[in-house]
Amino acid sequence: MEAINYIIDLFLNLDVHLNELILQYGAVTYIILFLVIFAETGFVVTPFLPGDSLLFAAGTFAAIGSFDVTFLVILLSIAAIIGDTVNYWAGHYFGPKVFHKETKFIKKEYLDRTHNFYEKHGGKTIIIARFIPIIRTFAPFVAGIGAMTYSKFILYNFTGGVIWVALFVFGGYYFGTIPGIRNNFSLVIIAIIIISVLPAIIKFIIHQRKRKNPLEE
């Protein structure tokens, strides 16, 4: 229960926690941010770590001189790209070992479908997934399981990683110090989380409607 409360507090009071890290560790905070973004994108067991909101908060502190914004964007873009790459190869390595034996629920046909899907739609999936918490963590892993062509994966991984980091860091840099946002930072973080998951919710609703009404345009 304490762990859950800590995670909730971490998400809702990122500005406070990040300020504490900066005061306590100084430049080492760069490394801490790198590791958090790397872990959030690189390990399927850590999708609960802050991503979008942490980038926005880091951008806000860059605006007041705590970080160099250019270095921050470059560093965290590298963390995001490496994270997805590790996740891809983990899926590529463990997928065949886990799914080597067919069962009622796991068939080679499903892996083939996954491969075909990622070959056809993998690029936009990798980029769009960057902006959706939890899905962001699993998309590269599934791409690895589906054996998406690596040259395609790394291209979209690089593009999506840079766009994702730059958008939120510069968003925090240019808007995070506005008094109305700064004084209601917790509400802003909640709004970022909601906006981040909104596309997935809308997509799910549309998919459900199409299943119930297959003839609906």
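As the structure is a prediction and not an experimental result, all values here were calculated from the model. Note: hydrogens, waters and symmetry copies are ignored here, and every other heavy atom, side chains too, is used.
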Hey, could you give me the [atom1]/[atom2] distance between [X] and [Y], rounded to the nearest 0.5 Å?
| X | Y | atom1 | atom2 | answer |
| --- | --- | --- | --- | --- |
| Leu21 | Phe61 | CG | CZ | 9.5 Å |
| Phe158 | Ile127 | CZ | CD1 | 11.5 Å |
| Ile154 | Thr149 | CD1 | OG1 | 13.0 Å |
| Ile37 | Ile78 | CD1 | CD1 | 13.0 Å |
| Leu55 | Ser77 | CG | OG | 8.5 Å |
| Thr60 | Leu18 | OG1 | CG | 9.0 Å |

Tell me the closest heavy-atom pair linking [X] and [Y], and the distance in Å.
| X | Y | result |
| --- | --- | --- |
| Ala39 | Leu49 | CB-CD1, 3.7 Å |
| Gly161 | Ala80 | CA-CB, 4.4 Å |
| Leu33 | Ala58 | CD1-CB, 4.2 Å |
| Phe67 | Tyr30 | CA-OH, 3.3 Å |
| Ala63 | Tyr173 | CB-O, 3.3 Å |

Item checked: Tyr156 OH: over 12 foreign heavy atoms closer than 6.0 Å -> no

Margin query: Are more than 12 heavy atoms, taken from residues, nucleotides or ligands other than Phe34, located less than 6.0 Å from that residue's CZ atom?
Written below: yes

Notebook entry, point to check: Does Val44 offer a backbone N or O that forms a donor-acceptor pair with the side chain of Thr137 under 3.5 Å?
Noted result: no

Notebook entry, point to check: Within the distance-only criterion (no hydrogens, no angle test), does the side chain of Ser53 pair as donor or acceptor with the backbone N or O of Pro50 below 3.5 angstrom?
Noted result: no

Next item on the list: Give the cluster check for Val45 versus Ile145: same hydrophobic cluster or not, with ILVMFWY residues linked at side-chain heavy-atom distances below 4.5 Å.
Entry: yes

Note to self: Among Thr41, Asn87, Thr85, which residue satisfies the side chain to side chain donor-acceptor pair (under 3.5 Å) criterion with Asn157?
What the structure shows: Thr85

Next item on the list: Tell me, with the steps shown, if Glu40 and Leu54 meet side-chain contact (heavy atoms from CB on, under 4.5 Å).
Entry: CA-CA 11 Å; Glu40 198 261 355; Leu54 180 60; over 6 Å; no

Next item on the list: Name the orientation class of the two ring planes belonging to Phe168 and Phe131 (parallel below 30°, tilted from 30 to 60°, perpendicular beyond 60°).
Entry: tilted

Notebook entry, point to check: Taking only residues at least two apart or on different chains, which pairs with a member in residues 140-150 satisfy salt bridge (Lys or Arg N to Asp or Glu O under 4.0 Å)?
Noted result: none

Notebook entry, point to check: Restricting to pairs with a member in residues 67-88, which pass salt bridge (Lys or Arg N to Asp or Glu O under 4.0 Å), not counting sequence neighbours?
Noted result: Asp84-Arg130

Notebook entry, point to check: Any side-chain heavy atom of Val162 sitting closer than 4.5 Å to one from Ile81?
Noted result: yes

Item checked: Aromatic contact, Tyr88 with Tyr150 (centres under 6.0 Å) -> yes

